[in-house]
2 protein chains.
Amino acid sequence: MVHNHEHDACCETHTKVVEKVARELPDEEILYDVAELFKVFGDSTRVRIICALFESEMCVCGIAEVLGMTQSAISHQLRVLKQARLVKYRREGKTVFYSLADAHIKTIFNQAFEHVME
Amino acid sequence: MVHNHEHDACCETHTKVVEKVARELPDEEILYDVAELFKVFGDSTRVRIICALFESEMCVCGIAEVLGMTQSAISHQLRVLKQARLVKYRREGKTVFYSLADAHIKTIFNQAFEHVME
DNA sequence: TTAACATATGAGCCATTGTTCATATGTATT
DNA sequence: AATACATATGAACAATGGCTCATATGTTAA
């Protein structure tokens, strides 16, 4: 038989906790946005781009050279970072320089580094 | 013609920056692990599970009830969180209680919330 | 040991996504 | 205007990933 947990013993017992947690959980929409933000961070190419930009603003082909990837691949990923408002850019002649747009990024990444190095 | 950026004007001009950034970029392996960590955070179901566990330890079917999802779906995601060493669990009879295993998670999530709410 | 409950897991399906390739857009120089 | 360089973008393909369904494992009580 397929499980139906609406009225099983375990959840009956813990109804108080379930209701409390359900009440205090942040809005669906915010949780979705947080997941979307982490999704952007959840790719090693984008992580490497962000870490490169921690050091200095860079042009697209500069980033491509540092990471050993094609200009097209980098440009596509910069688009993702741009849409998430994580990078900003300025044009200088033919060249476009990208840099980080948000101060929270550094804090988030520092904590992440601490976690993976423990 | 296919672009070849090994010796173009832009990267010639910015060689200094490229070399500096390439030198200071963290190890490949660490950057990969950081991306893997964010990948785990980059799903709204897992974000909701983590936020639920911020409030209280919970059993699997309790989490399933709070999120309105099947026990199987939650169990699969808890496995991912377990493998990333983000949650721990204790058994009490038939029930398994999950809770958060790492203090960095709270800090990372607080910063993420601040970013999406600005 | 049999039945019932709580959780875990493997296979399969559908959707998402990162890269490549080709090409378009934008800018400066001649 | 024509060429060259820097960047952006669309289509297509392969790979990844989350959920469902069925079933297995683990635990307790009768």
Side-chain angles (χ1 to χ4, degrees), chain A residues 1-14 17-18 32 35-36 38-49 57-65 67-84 87-98, chain B residues 1-14 17-18 32 35-36 38-49 57-65 67-84 87-98:
Chain A
M1 174 197 162
V2 176
H3 280 174
N4 181 341
H5 289 284
E6 284 181 78
H7 296 291
D8 59 26
C10 170
C11 291
E12 281 294 322
T13 314
H14 307 113
V17 175
V18 167
Y32 183 83
E36 287 301 302
F38 285 133
K39 206 170 285 179
V40 174
F41 292 153
D43 173 77
S44 67
T45 298
R46 288 191 293 266
V47 164
R48 292 196 297 157
I49 291 174
E57 73 165 8
M58 292 185 78
C59 63
V60 179
C61 73
I63 300 172
E65 198 175 319
L67 303 196
M69 297 179 65
T70 67
Q71 171 272 322
S72 179
I74 301 301
S75 192
H76 276 295
Q77 298 298 5
L78 285 171
R79 187 165 176 272
V80 175
L81 293 171
K82 205 189 305 173
Q83 286 173 336
V87 297
K88 55 179 192 272
Y89 60 95
R90 67 182 179 85
R91 177 144 227 154
E92 192 172 293
K94 289 175 291 189
T95 308
V96 178
F97 291 95
Y98 281 83
Chain B
M1 173 199 163
V2 176
H3 280 174
N4 180 342
H5 288 284
E6 285 182 78
H7 296 291
D8 58 27
C10 172
C11 291
E12 281 296 322
T13 314
H14 307 111
V17 175
V18 168
Y32 182 82
E36 287 301 301
F38 285 133
K39 205 169 286 178
V40 173
F41 292 151
D43 173 76
S44 68
T45 298
R46 287 190 293 265
V47 164
R48 293 196 297 156
I49 291 174
E57 72 165 8
M58 292 185 78
C59 63
V60 178
C61 74
I63 299 172
E65 198 174 318
L67 304 195
M69 297 180 64
T70 66
Q71 172 271 322
S72 179
I74 300 302
S75 192
H76 276 295
Q77 298 298 6
L78 284 171
R79 187 165 176 270
V80 175
L81 294 171
K82 206 189 305 174
Q83 286 171 337
V87 297
K88 55 179 191 273
Y89 59 95
R90 67 181 179 85
R91 179 143 225 155
E92 190 173 296
K94 289 175 289 189
T95 308
V96 178
F97 291 94
Y98 281 84

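Throughout, protein chains are lettered first and strands after them, A, B, ... in sequence-line order, and every chain is numbered starting at 1. No hydrogens, no waters, no symmetry mates; every other heavy atom, side chains included, goes into these values.
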*asked:* Mind checking if A:Thr95 touches a base, just sugar-phosphate, or nothing, with heavy atoms under 4.0 Å?
replied: sugar-phosphate
Close N or O pairs between protein and nucleotides 25-27 of chain C (under 3.5 Å):
none

*Say you draw a straight line from OH of A:Tyr98 to CD1 of A:Ile74; how long is it, rounded to the nearest 0.5 Å?*
11.0 Å
_What is the distance, to the nearest angstrom, from the CG atom on A:Leu81 to the P atom on D:dT7?_
16 Å
*How long is the span from the CG atom in B:Leu81 to the CZ atom in B:Arg79, to the nearest 0.5 Å?*
12.0 Å
*In whole angstroms, how far is the P atom of C:dA8 from the CD atom of B:Gln83?*
12 Å
*Take atom CE of A:Met58 and atom C1' of D:dA6, then tell me their distance rounded to the nearest Å.*
15 Å
*What's the CD1-C1' distance between B:Ile63 and D:dC19, to the nearest Å?*
17 Å
*Quick one: sort the B:Phe38 and A:Phe38 rings into parallel, tilted or perpendicular, breaks at 30° and 60°.*
parallel
*Per the atom types in the model, does the base of D:dT9 pair as donor or acceptor with the side chain of A:Ser72 at under 3.5 Å?*
yes
*Tell me: CZ of A:Arg79 to C1' of C:dT20, nearest whole Å?*
16 Å
*What integer distance in Å separates A:His14:NE2 from C:dC5:P?*
16 Å
_side chain to side chain contact (heavy atoms under 4.5 Å, CB included) assessment of A:Phe41 paired with A:Arg46_ = CA-CA 6 Å; A:Phe41 292 153; A:Arg46 288 191 293 266; over 6 Å; no
*What nucleic acid atoms does B:Tyr98 come within less than 4.0 Å of, heavy atoms only: base, sugar-phosphate, or nothing?*
sugar-phosphate
*asked:* Set out, in order, the CA-CA distance, both residues' side-chain angles and the distance that settles side chain to side chain contact (heavy atoms under 4.5 Å, CB included) for B:Ile63 and B:Val60, then state yes or no.
replied: CA-CA 5 Å; B:Ile63 299 172; B:Val60 178; 5.7 Å; no
*Pair B:Arg48-B:Met69, side chain to side chain contact (heavy atoms under 4.5 Å, CB included): steps then yes or no*: CA-CA 11 Å; B:Arg48 293 196 297 156; B:Met69 297 180 64; 3.5 Å; yes
*Of the non-hydrogen atoms in A:Gly42 and B:Lys39, which two are nearest, and what is the gap between them?*
O-CE, 2.9 Å
*Kindly determine whether A:Arg90 and A:Val96 satisfy side chain to side chain contact (heavy atoms under 4.5 Å, CB included), including the steps that lead there.*
CA-CA 6 Å; A:Arg90 67 182 179 85; A:Val96 178; over 6 Å; no
*Atom CG of A:Leu78 and atom C1' of D:dA8: how far apart are they, to the nearest Å?*
10 Å
*Taking the six-membered ring of B:Tyr89, is the NZ or CZ of B:Lys82 close enough (under 6.0 Å from the centre) and on axis enough (within 45°)?*
yes
Enumerate the protein-to-nucleotides 13-19 of chain C contacts in which both atoms are nitrogen or oxygen and the separation is below 3.5 Å.
unit_1, atom_1, unit_2, atom_2, d
C:dG18, OP1, A:Arg46, NH2, 2.9
C:dG18, OP2, A:Arg46, NH1, 3.2
C:dT19, OP1, A:Thr45, OG1, 2.7
C:dT19, OP2, A:Gln77, NE2, 2.5

*May I ask you to verify whether the side chain of A:Gln71 and the base of D:dA6 hold a donor-acceptor pair under 3.5 Å?*
no
